[in-house]
Amino acid sequence: MTQGDVNPATTDYLDSSSRLNIAQNRPWLGTEPPYNVGPFYETTIFPMSTLASTKTAISPRRDEDFPEWYQQVIRAAELAEPSDVRGCMVIRPWGYGIWENMQRQLDAMFRATGHRNAYFPLFIPLSYFAKEAEHVEGFAKECAVVTHTRLELEADGRLKPGSPLSEPLVVRPTSETIIGASYAKWVQSYRDLPILLNQWANVVRWEMRPRLFLRTTEFLWQEGHTVHETEEQARAEATLILGIYERFAREHLALPVFTGTKSESEKFPGAVQTLTLEAMVQDRKAIQAGTSHFLGQNFAKASGIQFQNREGKQEFGWTTSWGMTTRMVGTVVMMHSDDDGLVLPPRIAPTQIVILPITPKEDTRVKVLEACDALALELRGKRFADAPLEVEVDRRDLGGGVKNWEWIKKGVPLRLEIGPRDLEKNSAAVSRRDQPVKAKESMKIDEFAARAPEILASIQDSLHARAKNFRDANTQVISSKKDFYDFFTPKNSAKPEIHGGFALAHWNGSREVEEQIKNDLKVTIRVIPVDDSAEPGQCIFTGEPSARRVIWAKSY
RNA sequence: CGGGCUGUGGCUCAGCUUGGUAGAGCGCCUGGUUCGGGACCAGGAGGCCGUGGGUUCAAAUCCCACCAGCCCGACCA
């Protein structure tokens, strides 16, 4: 959107009684509708004092019990909660808001590279699904299968499934086969190519051990599916998407990632090559943050995607598929949060700035609230990155610092306290979520209004820098089997401390070695770098020749 | 799907061994006192003790089955 466009965030179209209703019942919106867009500010560093905080809002702390800490952060931030349906979660507004921001931003990147959205069925006929052998083998065990329609009331008063389906339907764990069936109809000539589609959808994978966001039975994602005329074009597409994912992770989510290919044993079932992004979260384990697959002609053959090429001969299409999921929300949580709760990169925070009116005395109350509303209004007219600022005034009548702590635990990037004494000096107390929670800086309100976008940019940058430092500090070049085993063995085996990280080590390329290491240490090859200066060496496990070092880690 | 543990107000749990009218803390609601701050005082709401069956005069408590969750193994975005 450019300046002068209609801003969808305004409420100009409402009549006065509707607006009064909003002012009375949705006080966080303020009493005035937000206005139009303002200028964009360049990034600069924003120095701030650091104070140590003692008591933590989340217990246990990260170093005490990382998995439990993760759950508590999600609960305290009201991102999501387990539902009564096994393995499924309820995504609450704050968590869904993060996902919506991810969707909007990633979708724009797909669109800008020529992709368009479409939607394909949730149900896949079993016969479609069965067409690609490796694919079936990879997903069979985690498929939910619909076998009946209609419920019938039994004599005992219970509802039971009624009519069996002639052909069972698989609830999509991924959509290669059902989309392939459509592509087979659409593609006849090389002139029909490429097809570049994406869909935003839910999928179901019946996992044994679910964890909020990281591994749930039903999850949300986007899946892109493309068909190309040549192998070269399809490989280029898979690489293009990997690049988009990497940039999205880095610039939008402040996640530093390693990119490259998966080993044979870790790649997508049915793919020729799987490209991946691997991030390191704060317990030093790896998490796969997105994948892009070159599928060769495997799925084209299975689905019958054929076209007449430029020489007039029938040829199978070259396909790709690629996806990113709600797991990203969990990854962001584990990457940036601290012992006081969630920490959100400003670009995906549903609310970027929260203004907390301090109203100790009745006689100054109205003035303070007016000043807060006026500032919110002004801020909403400004932009950060590609969108208007999201600002909330928390006018709830809650005592103590309860409100402040709620926002800390929700990870809002900037908190602003404005009270009567600030107002006399026309200033506000500014707290950044990337700083210790007690840290405050007094700043003129006008100055803050002018600099808010640049401060948000600075937080975005500092989160990325912090994450990158952490990752680099825990990534080691390892040159002997003993060092490797030491690196991945906790000192306290009864209650393992946070240990290990990413190990860069030479490997002979064999599946047997991978298997052995996985059995011994639960460590796997996360990614085989592609852009790295591939210096040859010797496999640290067998002494055999190795083309390059690969990245090993324990993983989610 | 195998092995171990656990199901009691929204949350964390006590009570169960030795059956006898359901408890605490936190949270929530109301009132008050505080308040540039996760405060305090008083009052209050909220539970057929996972579900079903059995034993018994009587079951949160004993027995059986089932269901769900957690941890450990095989799988995964």
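To find a chain, count down the sequence lines: A is the first, B the second, and so on, and within it residues start at 1.
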Colleague: Does anything in residues 250-265 of chain A reach RNA chain B, meaning a heavy atom under 4.0 Å, and if so which residues?
Modeller: none
Colleague: Test: salt bridge (Lys or Arg N to Asp or Glu O under 4.0 Å). Region: residues 250-262 of chain A. Which pairs qualify, not counting sequence neighbours?
Modeller: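 Those involving residues 250-262 of chain A are Glu246(A)-Arg250(A), Arg247(A)-Glu251(A), Lys262(A)-Glu278(A).
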Colleague: In whole Å, measure the gap between the C1' atoms of rA39(B) and rC62(B) for me.
Modeller: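 Comparing C1' positions in rA39(B) and rC62(B) gives a spacing of 47 Å.
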Colleague: Would you say the side chains of Asp520(A) and Gln516(A) form a donor-acceptor pair under 3.5 Å?
Modeller: yes
Colleague: Could you identify the nucleotide paired to rC70(B), looking across every strand shown and requiring Watson-Crick or G-U wobble geometry with both distances under 3.5 Å?
Modeller: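 Matched rC70(B) with rG4(B) under the 3.5 Å cut-off.
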Colleague: Sort and list the pairs that fulfil salt bridge (Lys or Arg N to Asp or Glu O under 4.0 Å) and have at least one residue in residues 350-359 of chain A, not counting sequence neighbours.
Modeller: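 Qualifying pairs, neighbours excluded: none.
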Colleague: Going by the rule side chain to side chain donor-acceptor pair (under 3.5 Å), which residues pair with Tyr96(A) if we only count those two or more places apart in sequence or in a different chain?
Modeller: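 Once residues adjacent in sequence are excluded, Tyr96(A) has no partner under the side chain to side chain donor-acceptor pair (under 3.5 Å) criterion.
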Colleague: Protein-nucleotides 6-12 of chain B N/O pairs closer than 3.5 Å?
Modeller:
none

Colleague: When the side chains of residues 360-368 of chain A are checked against the rest of the protein, which donor-acceptor pairs come out under 3.5 Å, sequence neighbours left out?
Modeller:
residue   : atom : partner   : partner atom : Å
Thr364(A) : OG1  : Lys361(A) : O            : 3.2
Arg365(A) : NH1  : Thr359(A) : OG1          : 3.3

Colleague: Residues in ring-ring contact (aromatic ring centres under 6.0 Å, His included) with Phe258(A), at least two apart?
Modeller: Phe502(A)
Colleague: To the side chain of Arg205(A), which of rG38(B), rC75(B), rA77(B) is closest?
Modeller: rA77(B)
Colleague: Could you check whether Thr216(A) gets within reach of a base, just the sugar-phosphate, or nothing at all, counting any heavy atom under 4.0 Å?
Modeller: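 Base contact.
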Colleague: Among residues at least two apart in sequence or on other chains, which ones pass ring-ring contact (aromatic ring centres under 6.0 Å, His included) with Trp69(A)?
Modeller: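 For Trp69(A) the ring-ring contact (aromatic ring centres under 6.0 Å, His included) partners, ignoring immediate neighbours, are Phe66(A).
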Colleague: Quick one, which residues of residues 352-363 of chain A touch RNA chain B with a heavy atom under 4.0 Å?
Modeller: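 Contacts with RNA chain B under 4.0 Å: Ile358(A), Pro360(A).
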Colleague: Both Lys522(A) and Trp405(A) contact RNA chain B. Taking the nearest nucleotide for each, which residue is further toward the 5' end?
Modeller: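 With Lys522(A) and Trp405(A) compared, the 5'-side residue is Trp405(A).
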Colleague: For rG31(B), give the paired nucleotide (Watson-Crick: N1-N3 plus N6-O4 or O6-N4; G-U: N1-O2 and O6-N3; both under 3.5 Å), or none.
Modeller: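 With both distances under 3.5 Å, rG31(B) matches rC41(B).
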Colleague: Give me the distance, rounded to whole Å, that separates rA22(B) from rA74(B) when you measure between the P atoms they each carry.
Modeller: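 Between the two P atoms, the distance is 47 Å.
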Colleague: Once you apply the 3.5 Å cut-off to both distances, tell me the Watson-Crick or G-U wobble partner of rG25(B), or none.
Modeller: rC11(B)
Colleague: The criterion is side chain to side chain donor-acceptor pair (under 3.5 Å); which residues satisfy it with Asn426(A), sequence neighbours excluded?
Modeller: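 Result, side chain to side chain donor-acceptor pair (under 3.5 Å) vs Asn426(A): none returned.
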Colleague: Under the ring-ring contact (aromatic ring centres under 6.0 Å, His included) test, which residues partner Phe120(A), sequence neighbours left out?
Modeller: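 By the ring-ring contact (aromatic ring centres under 6.0 Å, His included) rule, Phe120(A) matches no residue at all.
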Colleague: Using atom types as modelled, flag every donor-acceptor pair under 3.5 Å from a side chain in residues 264-275 of chain A to any protein atom, sequence neighbours excluded.
Modeller:
residue   : atom : partner   : partner atom : Å
Glu264(A) : OE1  : Lys267(A) : NZ           : 3.2
Ser265(A) : OG   : Ser263(A) : OG           : 3.4
Ser265(A) : OG   : Glu514(A) : OE1          : 3.1
Ser265(A) : OG   : Glu514(A) : OE2          : 2.9
Lys267(A) : NZ   : Ala271(A) : O            : 3.1
Gln273(A) : OE1  : Arg235(A) : NH1          : 3.4
Thr274(A) : OG1  : Phe268(A) : N            : 2.9
Thr274(A) : OG1  : His293(A) : ND1          : 2.9

Colleague: Both distances under 3.5 Å, Watson-Crick or G-U wobble: report the partner of rC48(B), or none.
Modeller: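 Answer to the pairing question: none, since rC48(B) forms no Watson-Crick or G-U pair.
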